[in-house]
Amino acid sequence: MTLDIPLLISEPVAEALSRSKPVVALESTIITHGLPHSRRLETALAVETAVRDKGAVPATIAVIEGVLRIGLDEKALGGLADASGVRKLSRADIAAAFVDKATGSTTVAATMIAAHLAGIEIFATGGIGGVHRGAEISFDISADLHELARTPVTVVAAGAKAILDIPKTLEVLETLGVPVIGYRTDQFPAFWSRDSARSAPVRLDEPSQIARAHRLRTAMGLAGGQLVANPIPASAEIPTQVLDPIIEAAIQDADAAQISGKEVTPYLLDRVLDLTEGRSLEANIALVLNNAALAAEIATELTNIS
Ligand code: PSU
Ligand code: MN
């Protein structure tokens with residue numbers, strides 16, 4: 001017996017895919033687990049608009065009542081933004097959410113899986129998960145890194161969150177053979193800041209080049225995606241000197257409160273938001289919008305490759 005995957009692709013997304021129009025996948029965890037309630041719907045809609053403004057179709061992905069939804073209308077987005085108790089779903093959690101008929105947001109890893117199922121090659125987010133500071137003790141390494149090594153979706157992010165251990169995150173990506181492409185930069189960006197004092201292993205300056213590299217990897221039969229590291233706009237960045245002590249304090253708070261597992265990332269983001277008095281929130285939103293626009297440009301270039 002084969003089971004059907006409970007999958008629903010929205011009308012506009014299905015139409016765009018069938019006509020080979022540009023489509024950009026968007027994740028939902030950054031909305032439900034990365035932003036305060038008051039800014040969720042507004043941000044989700046603004047990110048979709050940033051994709052549309054560049055001529056592509058947005059496909060926000062989430063599991064709603066046990067169904068994997070690719071493309072959410074405003075009502076569904078509003079329901080997700082308002083809901084409490086929304087699960088955070090990574091690769092390990094999706095099938096159980098179907099069985100339980102649960103509602104959950106997809107992380108970078110789960111959104112890549114869902115995008116690939118639907119035939120979407122490019123995805124925009126804020127920052128990927130990575131190797132946490134102190135991972136040599138905690139073993140906390142995000143499933144996002146392994147997903148990048150196995151699922152052929154190009155992910156546009158503002159680097160890795162500065163709450164992580166960025167050098168270790170880059171080492172693991174190198175070990176896994178994931179291309180890490182600095183977009184118009186030699187530096188690997190650190191989410192809220194443009195620089196992390198680490199270089200980006202590869203640099204490409206044109207969306208068309210990133211699209212070609214994606215397709216060439218497919219042609220070579222290479223598993224996995226690419227990470228496009230797109231620095232936050234200069235006008236929105238928070239310099240590392242300002243952030244570093246705040247991140248240290250947030251990590252100490254997390255240790256004291258014995259936060260572990262998938263709670264760690266949302267907890268740290270929330271503490272940084274409090275400690276920066278909201279400045280990190282504005283930066284977070286600005287960088288997601290910037291990534292959505294670049295992903296739409298790459299999506300358009302992908303449709304130009306015959
Ligand atoms: N970036 C943000 N906010 C977030 C995340 C990333 O600005 O909430 C989420 C993404 O969904 C990412 C996840 O995939 O955190 C990583 O979580 P973990 O470290 O538990 O794998
Ligand atoms: Mn983790």
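Only heavy atoms go into these numbers, but all of them, side chains included; no hydrogens, no water, no symmetry mates. Remember, it's 1-based here, ligands and their atoms both numbered in the order they're listed.
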Whether R87 and D100 form a salt bridge (side-chain N of Lys/Arg under 4.0 Å from carboxylate O of Asp/Glu) is what I want to check.
yes
Selection from N284, V272, D144 by shortest heavy-atom distance to atom 13 (C) of ligand 1
D144
Ionic contact status for E65 with K101, cut-off 4.0 Å:
no
Taking a cutoff of less than 4.0 Å between a non-hydrogen atom of the residue and any ligand atom, is S90 in contact with ligand 1?
no
Tell me, which protein residue and heavy-atom name are nearest atom 17 (O) of ligand 1, and how many Å apart are they?
K88 NZ, 3.1 Å
The Mn ion (ligand 2) - name of the N/O/S atom of D140 that sits closest to it:
OD1
Is there a heavy atom in G126 that sits closer than 4.0 Å to ligand 1?
no
Closest to atom 9 (C) of ligand 1 by heavy-atom distance, out of K161, E147, E263, H132, is K161
Please state which part of T107 comes within less than 4.0 Å of ligand 1, counting heavy atoms only: side chain, backbone, both or neither.
both
Note: ligand 1 atoms sitting under 4.0 Å from heavy atoms of E27 are 10 (C), 11 (O)
Thinking salt bridges, do R212 and E301 make one under a 4.0 Å N-O criterion?
no
Look at the side chain of S280 and the backbone N and O of T276, then say whether any donor-acceptor pair between them is shorter than 3.5 Å.
no
Just wondering, more than 12 heavy atoms not from L222 lying within 6.0 Å of its CG?
yes
Give a yes or no on whether E282 atom CD has more than 12 heavy-atom contacts from other residues, nucleotides or ligands under 6.0 Å away.
yes
Atoms of ligand 1, numbered as shown, that sit under 4.0 Å from any heavy atom of I30:
1 (N), 2 (C), 3 (N), 4 (C), 5 (C), 6 (C), 8 (O)
Donor-acceptor pair, R217 side chain versus A223 backbone, under 3.5 Å?
yes
Below 4.0 angstrom, N of the basic side chain to O of the carboxylate: do D205 and R203 qualify?
yes
Considering the heavy atoms of G127, write down every atom of ligand 1 situated less than 4.0 Å from one of them.
1 (N), 6 (C)
In the protein, which heavy atom is nearest to atom 3 (N) of ligand 1, and how far is it?
L269 CD1, 3.2 Å
Quick look: V264 vs ligand 1, heavy-atom contacts under 4.0 Å, and the answer is neither
